[in-house]
Amino acid sequence: MCFRNDTPYRQTRGNEFDSESCLSPAFEDLAAAADGRGRRLPRPVFPFRRPSQALLILTLKADPPHVSASCRSSSDLPIDLGLALRITSAIHARLLPHSLERLVASWSPDGTTLFQRGQPFSADGCEDQSSARVVLPRTPDDAVANSPDPIISSSPYRLVSSQCDDEAKLHGKEDHTGPCARKERIMALHQLVPPAMVLGIANHVYFHHFEPKTAHYPLLLVAIQPFLIAYLRSPLGITFTNILVASTILITTLLSSIVIYRLGPWHPLAHIPGPTLAKVSKWWAVRMLVKGDKYLVMKELHDKYGDFVRTGPNEVSIIHADAIRAVLGTGGFQKGPYYEPFSDSHLPSRSLLNLRGDAHANRRKIWNRGMSSESLKGYEGILADRVQIMLDQFDRFVQQGSGKGMVDMAAWCSYLTFDFMGDMAFGGGFDMLRDGEDRGGIFSIIKIGIKATAIIAQIPWIAPTVDLIPGLNSVMNALRNFAYSSASNRVKSGPKVNKDLWYHLMDEDGHEKVKPTMPEVLVDGVLAIVAGSDTSAFALSYFFWTMLTNPDVFARVKAEVDSVYPDPEAILRSERQNDLKFLNACLQETLRLFPPVPTGGSREIPTGDPKLIAGKLIPQHTNVSLPAYVIHRSPKHFFPAPDTFDPDRWLRERKDSSEVLNQSVLLTFSYGAANCAAKHLAWRELIMATSALVRRYDMRFVPGKESGEEGKKWIETLGDIYVTETGKLMVEISSR
Ligand code: HEM
């Protein structure tokens, strides 16, 4: 018995391999399983489809010498060994190349290599030449193409592969680029389809049940799987095309499965109407945030669908009056994942806006002390100083402009509120009013920060991943650095004569058993600036815009302010502010029509049974939002003319029974335990700034080629980015 090859070979007759008794029982089992004739092997180590694929794993586990010991005749040996080698190569060439070498070497009686890899082995003189032909594979493709395994060789890939071989033989050369080779590759790609589809669906089921809190692991998982599929399933292994095809199929199946589930009648929110795109993905809402028209879209949707609209796969927007107490009131729900990105993950503490339950109640207690009537009285001096700087600057513009000054009212209102909040939270820090501009750029940083955060808040689970991307978190870094330096200045300067918000948040008068930590005060200081400056600035801008677009109303406001404050020098004293009834009504009406937080965040239904909200069952983990802008304009709550600026609706004695003024749905400052912590402070700020400016100046839209038409269109520049962003509001001022 002999084997011949180009490489050294050995005659085996007469040595121990001749013996019939050397057939190992282990190998006999494996061989039987390999061709599917004998009893099946127990579960293979890897979940391979074919019994023959399990062969080598078990063969290798069974120790290669058994393989060699089993060979009785020339035909046995090459078939079985060849089968093992080829299958090894086809499936494990990358995993077990050394095992392959070892297998060959250990078959050789003296431990030397009998064949070399890649060299053909023929069995001249052997009993069964046809089946004895062994080609040790160069590549996994070779291995499959030459496999004597009936299962491998009967696969579509094998058929094409052998046709290609035949064609190559016919033409006397191998063609790697021709149609045959292409067809061969396509057939190989087919092998990727079923596992990629199965994994796509499996991923959906997994993500659905174990909702990921970050995108790290899902992204990693989805990125790795195409490699595994290509590696385990394709005869061509990990190639660029294989990865591309496997990922495309996997991701397409995953997305299709998600879409089908979300649109299907089995979804727990299927009973709530809404736009199809919104039901499918929150990316729909990202588009609104980028455009800034969320408040308008929500209004349109509620006009179309009614009180309940499904605005996301797991999100419902409600404008029914009963929902306000159910969601925000006592026994309502906690803030949902929407708020997560609003926390600075680099700081060990969360701001009040992002605390829940007892932690929120404890911190809110400190804030409430800082917002008591006594504390507010203490802040008046700080506020009056800043309003005075604004008046001085405006006077200067009027003087320089020979009696007429031109100001961007939106910008100046922002300077006022930022400077005031800086004084309150960190004992100073901004001087935008004095500079007439935002020299430090902090103003724009905050704006960009809020917009970016509001966009990410639509898909909060990507926030931690985005945070890892260098450069993208530079906005938060800048804000944090600003807060750190302001805080250290405030600590150095010590308590102020006028107690500021920092004084209370830091518990400098020692009310608390456990003093708040520095990071806690820091994040709340930043919150005060972010939550307190933009909102109040927009409220002021809206007010002046509504005045300028309603000159009759403006005239009545002026008359009231003049009569309450005949002495212009007394305007910054707050004692008589409550007498400004019409001004109050105008502010109330402005904020009804244009709430500075137009659509806001959402609350999450906790794990457990569905909750009944305004007559509808809302399932667990649904995020419920109550869009103030839409609620405030509903004819069910404000009638007649809910879209019209009509301050008198707040003062009229209601004679007409059809008139509706449902104050209980006003969400300008939100509602419940987590409503605006500084509502009263904000109101005082609005009254003081508006009355001072109205008392001192006449105003009109800057006249120009469109005779102030541009000014009237200012309202179209409003963008809803959780708070509001606006364009320039150019106003001509002159002394009264
Ligand atoms: C016209 C001006 C203001 C308006 C319209 C306004 C509106 C709001 C609204 C709607 C919320 C709830 C936000 C939510 O739940 O997502 C809120 C929360 C808050 N606001 Fe204001 N705000 C104003 C001014 C201020 C000022 C001046 C300060 C700061 C000193 C401030 C501090 C806060 C804080 C700390 C919270 C979080 C309260 C909590 O979660 O317990 N706000 N505000």
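As the structure lists them, so they are numbered: ligands from 1, and atoms in each ligand from 1. Along the sequence shown, residues carry numbers from 1.
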Under 2.8 Å from atom 21 (Fe) of ligand 1, protein N/O/S atoms total 1
Close-contact set for ligand 1 against Trp367 heavy atoms, below 4.0 Å: 35 (C)
Under 4.0 Å from a heavy atom of His360: which atoms of ligand 1 are those, numbered in the order shown and with their elements? 39 (C), 40 (O), 41 (O)
As an exercise, state the distance from CD1 of Ile529 to CE of Met421, rounded to the nearest 0.5 Å. 8.5 Å
Taking atom CG of Leu666 and atom NE2 of His637, what is their separation to the nearest 0.5 Å? 10.5 Å
Check contact between [X] and ligand 1, using heavy atoms of the residue and a distance below 4.0 angstrom.
X: Met421; value: yes
X: Phe538; value: no
X: Asn675; value: yes
X: Arg363; value: no

Arg576 meets the salt bridge (charged side-chain N to carboxylate O under 4.0 Å, His left out) criterion, sequence neighbours left out, with Asp579
Look only at the side chain of Tyr295 and the backbone of Val597, and say whether a donor-acceptor pair between them is shorter than 3.5 Å. no
Is the shortest distance from a Lys or Arg side-chain nitrogen in Glu512 or Arg363 to a carboxylate oxygen in the other one below 4.0 Å? no
Any carboxylate oxygen within less than 4.0 angstrom of a Lys/Arg side-chain nitrogen, looking at Lys335 and Glu604? no
